[in-house]
Amino acid sequence: MNTKFSSLCTIDCLYKVFFKIKDEDVSRRPAKNRRKGRTTKVRDSKNLTPESWPRPPVNYCILIALALNSSHSGSLKVQQIYNFIREHFPFFQTAPDGWKNTIRHNLCFSNSFRKTCNQLRRDEKRKSCFWHLTLDGQRRLHDEIRTLSGESSKQLERSMSHPGEVGESKRVHHL
DNA sequence: CGCGGCGTCGATC
DNA sequence: GATCGACGCCGCG
């Protein structure tokens with residue numbers, strides 16, 4: 001009962017965080033600075049620490065929606081979605097690679113997302129599609145945030161407020 | 001031409 | 001809803 005009351009504060013904070021932050025990491029960047037096709041994963045999923053990180057308090061759709069919603073343009077490429085989720089939720093820094101498939105699967109499957117392919121391949125080599133939230137997606141996101149438990153709210157808020165590394169030396173020249 | 005990332009689909013739990 | 005497998009397509013080396 002009192003959790004409801006205390007949640008109000010947190011939810012307010014969540015809204016501030018979710019709908020105000022402008023994460024430069026997920027903004028589009030010029031093609032020159034783009035990494036080449038080289039994969040950044042280091043294949044050390046095997047020797048990760050036995051204590052793995054807890055799952056995020058929300059499902060994949062919400063995770064993606066969070067990423068999309070925090071970008072300047074409201075749209076991101078898959079790689080940027082990966083980055084956002086990896087940086088905000090440590091679970092995915094140690095999780096096996098399957099999660100990327102799940103992300104892509106949700107992007108295609110869920111009616112929360114739509115893609116906009118810009119085929120301006122003049123200067124650009126070939127940009128992959130930009131994904132954005134549909135009206136339904138926005139509704140689902142707001143609805144989810146509204147109905148989060150106090151504990152989950154706190155947890156989410158913390159994740160959104162402190163993007164960054166968890167692994168002591170995970171960050172490698174990456175940009 | 002081969003490999004890997006992406007977008008889809010389908011099946012299964 | 002989460003995971004996994006499989007395809008076709010496309011860029012890149």
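Below, read A as the first sequence line, B as the second, and so on, with proteins coming before strands; counting in each chain starts at 1. Keep in mind that the numbers below use all heavy atoms, side chains included, and drop hydrogens, waters and symmetry copies.
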- Task: Please report, rounded to the nearest Å, how far the P atom of dG7(B) is from the CG atom of Asn106(A).
- Result: 13 Å

- Item | Pairwise distance CG(Leu133(A)) to OG(Ser75(A)) - rounded to 0.5 angstrom | 10.0 Å

- Query: What is the distance from CZ of Arg114(A) to C1' of dT8(B), rounded to the nearest Å?
  - Reply: 15 Å

- Message: Rounded to whole Å, please give me the gap between NE2 in His105(A) and C1' in dC9(B).
- Response: 9 Å

- Atom pair distance, as rounded to whole Å: CH2 in Trp99(A) and P in dG5(C): 18 Å

- Message: Once you measure the plane-to-plane angle for Phe84(A) and His88(A), does it fall in the parallel (<30°), tilted (30-60°) or perpendicular (>60°) bin?
- Response: parallel

- Give a yes/no answer on whether the side chain of Arg55(A) brings an N or O atom under 4.0 Å of OP1 or OP2 in dT3(C). yes

- Query: What integer distance in Å separates Lys100(A):NZ from dC6(B):P?
  - Reply: 8 Å

- Task: Ignoring backbone atoms, establish whether Trp131(A) has a side-chain N or O less than 4.0 Å from OP1 or OP2 of dC6(B).
- Result: no

- Would you check if the distance from the ring center of Phe92(A) to the ring center of Trp99(A) is below 6.0 Å? yes

- Decide yes or no for Arg140(A) and Asp136(A): does some side-chain heavy atom of the first lie under 4.5 Å from some side-chain heavy atom of the second? yes

- Task: Please tell me which of the listed nucleotides, dG7(B), dG10(B), dA2(C), lies nearest to the side chain of Lys115(A)?
- Result: dG7(B)

- Message: Suppose we screen for side chain to side chain contact (heavy atoms under 4.5 Å, CB included). Which residues come up paired with Arg114(A), at least two apart in sequence or across chains?
- Response: His132(A), Thr134(A)

- Item | For atom CG of Asn111(A) and atom C1' of dG1(C), their distance in whole Å | 14 Å

- Query: Using a cut-off of 4.0 Å on non-hydrogen atoms, how would the nucleic acid contact of Asn101(A) be classed: base, sugar-phosphate, or nothing?
  - Reply: nothing

- Task: Mind calculating the distance between OH (Tyr82(A)) and C1' (dG4(B)) to the nearest angstrom?
- Result: 12 Å

- Query: Given atom CZ of Arg140(A) and atom P of dG1(C), what is their separation to the nearest angstrom?
  - Reply: 6 Å

- Task: Select one nucleotide: of dG7(B), dG1(C), dC9(B), the one nearest the side-chain heavy atoms of Arg104(A).
- Result: dG7(B)

- Report which part of the nucleic acid Tyr60(A) touches: base, sugar-phosphate, or nothing (heavy-atom distance under 4.0 Å, all strands). sugar-phosphate

